[in-house]
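Notes follow the structure.
Here the structure is a predicted model, which means the values were calculated and not measured. Proteins come first, then strands; the chains are lettered A, B, ... in the order of their sequence lines, and each starts at number 1.
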Amino acid sequence: CQLFGYVGIEAVLDQMKIKTMKTGFEFNIMVVGQSGLGKSTMVNTLFKSKVSRKSSQPEQEERIPKTVQLQSITHVIEEKGVKMKLTVTDTPGFGDQINNENCWDPIIKYINEQYERYLREEILITRKRKIPDTRVHGCVYFVPPTGHWLRPLDLEFMRRLSKIVNVVPVIAKADTLTLEERAEFKQRIQEDLKTHAISVYPQEDFDQDPEDRALNDRIREKIPFAVVGADQEHQVNGKRVLGRKTKWGIIEVENPAHCEFPLLRDLLIRSHLQDLKDITHNVHYESYRVRRLNES
Amino acid sequence: DDKEYVGFATLPNQVHRKSVKKGFDFTLMVAGRGDPAGLGGESGLGKSTLVNSLFLTDMYRDRKLLNAEERITQTVEITKHVVDIEEKGVKLRLTIVDTPGFGDAVNNTECWKPVADYIDQQFEQYFRDESGLNRKNIQDNRVHCCIYFISPFGHGLRPLDVEFMRALHQRVNIVPVLAKADTLTPAEVERMKNKIREEIDHYGIRIYQFPECDSDEDEEFKLQDQALKESIPFAVIGSNTVVEAKGRRVRGRLYPWGIVE
């Protein structure tokens, strides 16, 4: 339909922006992996604040729990007028036992419980205008840097979880691998995932258009990101950087030549945060809902 | 990239990018009576013209105006016009719901009923879709706003206006406007508006309230916002033609005594 002049329809985008900024938003992330893989440090590095479990309970002695426990901590952080209610769910005890059979069950249960909660709110007669969203939008899975293959536990976990939540696998403590070792490891992991038909985020099935596909293909080539976390600053070339100081050099966390932390951060926060939430809501939650409605 | 910057402040832009791709839906209803005395010539309150002026487009190109006989036998209909418009990359699917015949009959008892039924039907449809198993592509056909045209030729609201608005104010956002305002002098406009506002209050009609502005806005904005709210109902004029005024081409109405822009 032809327009004879400027109507001002695009102003709706500003209206949306203002609303988003006013209401703020929620983001729920889960970190899974054996103890000692730097999960808590990674979370702190991602959000540049002390938001992890360890930061909230600094006096607690590090003792591996006998079963997998889930602990969620919520913080409200603000940046440039945008408020985010961030909830980080940690899973100490995962994969740490002698017998790790079914150690994914408490995690699956937790994720489904959040879907159930949301469903209950949605079917109430008097619904809340804004249903509180505790659903897990992204699950970062820490793969130990063995350099060989994915372990049976990794495969079992990712296979089951990628069906109900967005799984983002990362190679933890990647500073123990050289660049060649990293490349080979990644290659093998990608093959493994393909062989076992494990669909990690960003899932190919949910690319919306060719532009999305091109963007996500580039990301998929690099998954899993080889990351390093750090919460200490050091002096490098006159600048203060976050990093790890070893005898043979300083590993700069935000230097793309050293590790892929910036890629993880960009994916989770700067470019795909809304997408993670959308897929959780439109795909994973809807699947859960259909299953539940068919049950009853 | 300053040190403390995490990057989630980009979220509004991420949301924005997705919305631009998806496009928006908006359903606008226009309602209002014809002038009961008008048996020849223009008998409307300028609803279609206003819609064309609002969206700077010609939505009713093929419309036929009914003559007096045809109008006597007509009942209230609900008609829908859907257009897809795009501006600066933002796509809008605009649905205009019209109510031709409203208030045109001799006996207009409950003529608002088809309109209320239509609105309820859209809610019903949405409710069914929302409760269904496959919620992927729900179409939102609910009426988002109803512009109600009040005639400038009376002394405020007529009984039918009150009836209509009271029947609908719990179902849809009503924005009342004072139509064909170029037939009134500024003083008359002021008088009409005051009367209408009084009557809206008196009859307990709940019209759409524009949102409160933020407490952190500057004083000038707050004053503007206040002035805006105090001018409701807006006195409007629409035009399908472009005229020359002071060397510029503008949408307007050309009278011997001057040009209304």
Side-chain angles (χ1 to χ4, degrees), chain A residues 1-22 24-25 27 46-49 77-84 86 122-123 208-209 211-212 233 239-242 254 262 265-266 268-275 277-278 282-283 286 289-290 293-294, chain B residues 1-26 52-59 61 81-94 130-138 211-214 216-217 240-242 249-251:
Chain A
C1 194
Q2 251 303 92
L3 288 182
F4 301 131
Y6 180 70
V7 176
I9 293 168
E10 57 166 352
V12 69
L13 295 176
D14 279 333
Q15 295 172 32
M16 287 189 67
K17 261 196 204 182
I18 293 174
K19 272 217 162 169
T20 310
M21 293 195 41
K22 265 202 206 176
F25 62 101
F27 188 53
L46 267 175
F47 294 99
K48 294 218 175 146
S49 8
I77 48 186
E78 181 171 338
E79 186 173 80
K80 300 206 174 156
V82 181
K83 279 206 196 49
M84 170 156 88
L86 172 70
E122 217 185 32
I123 56 187
Q208 291 193 321
D209 52 49
E211 198 193 325
D212 253 5
E233 283 180 349
K239 286 186 355 234
R240 308 269 314 149
V241 294
L242 268 179
E254 287 181 325
R265 178 200 51 207
D266 286 351
L268 284 182
I269 301 173
R270 292 188 188 174
S271 59
H272 286 63
L273 197 154
Q274 187 57 38
D275 191 55
K277 294 179 67 170
D278 285 344
N282 296 329
V283 178
E286 287 296 311
R289 184 177 167 270
V290 169
L293 291 183
N294 281 332
Chain B
D1 220 339
D2 74 276
K3 276 212 313 144
E4 291 315 307
Y5 184 64
V6 176
F8 63 83
T10 62
L11 184 81
N13 287 331
Q14 294 178 38
V15 173
H16 157 141
R17 188 171 156 263
K18 284 195 167 226
S19 309
V20 171
K21 272 199 196 178
K22 225 176 97 168
F24 296 90
D25 280 321
F26 190 62
N52 283 343
S53 304
L54 264 177
F55 296 101
L56 290 180
T57 181
D58 194 356
M59 297 200 64
R61 231 167 320 151
H81 281 80
V82 183
V83 289
D84 285 310
I85 45 189
E86 183 170 335
E87 187 176 73
K88 303 226 167 132
V90 181
K91 296 198 255 295
L92 177 68
R93 162 153 289 200
L94 177 66
E130 200 187 45
S131 313
L133 285 181
N134 186 348
R135 307 200 293 188
K136 254 205 188 139
N137 295 314
I138 299 183
E212 290 302 318
C213 63
D214 275 332
D216 54 354
E217 294 283 2
N240 277 331
T241 50
V242 178
R249 293 184 61 70
V250 295
R251 269 203 174 224

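We find the CG-CG distance between A:Leu273 and B:Leu11 to be 5.5 Å, quoted to the nearest 0.5 Å. Taken to the nearest 0.5 Å, the CZ atom of A:Arg289 stands 8.5 Å off from the CD1 atom of A:Ile123. Taking CG of A:Asp266 as the reference point, atom NE2 of A:His272 lies at 10.5 Å (rounded to 0.5 Å).
Only the backbone of B:Leu54 comes within less than 4.5 Å of a heavy atom in chain A; its side chain stays farther off. Heavy atoms closer than 4.5 Å to chain B are found in the side chain of A:Asn294, but not in its backbone. In this structure, the portion of B:Leu92 lying under 4.5 Å from any heavy atom of chain A is its side chain and not its backbone. Contacts between A:Ile9 and chain B at a heavy-atom distance below 4.5 Å involve backbone atoms as well as side-chain atoms. Only the backbone of A:Leu46 comes within contact range of chain B, judged by heavy atoms closer than 4.5 Å. When heavy atoms are compared at a cutoff of 4.5 Å, B:Phe8 approaches chain A by way of both its backbone and its side chain. Contacts between A:Glu10 and chain B at a heavy-atom distance below 4.5 Å involve backbone atoms as well as side-chain atoms. Only the side chain of B:Lys21 comes within less than 4.5 Å of a heavy atom in chain A; its backbone stays farther off. For a residue to count as touching a neighbouring chain, one of its non-hydrogen atoms must lie under 4.5 Å from one of that chain's; by this rule A:Met16 touches chain B with the side chain only. Contact of A:Tyr6 with chain B is made through backbone and side chain together, with heavy-atom distances under 4.5 Å.
At least one donor-acceptor pair closer than 3.5 Å links the side chain of B:Gln14 to the backbone N or O of A:Gln274.
For the pair A:Glu122 and B:Arg135, the salt-bridge criterion is met [side-chain N within less than 4.0 Å of a carboxylate O]. A:Glu254 and A:Arg265 are joined by a salt bridge, as a carboxylate oxygen and a charged side-chain nitrogen come within less than 4.0 angstrom of each other.
In terms of heavy atoms, A:Val7 sits closest to B:Glu87 at N-OE2, 2.7 Å.
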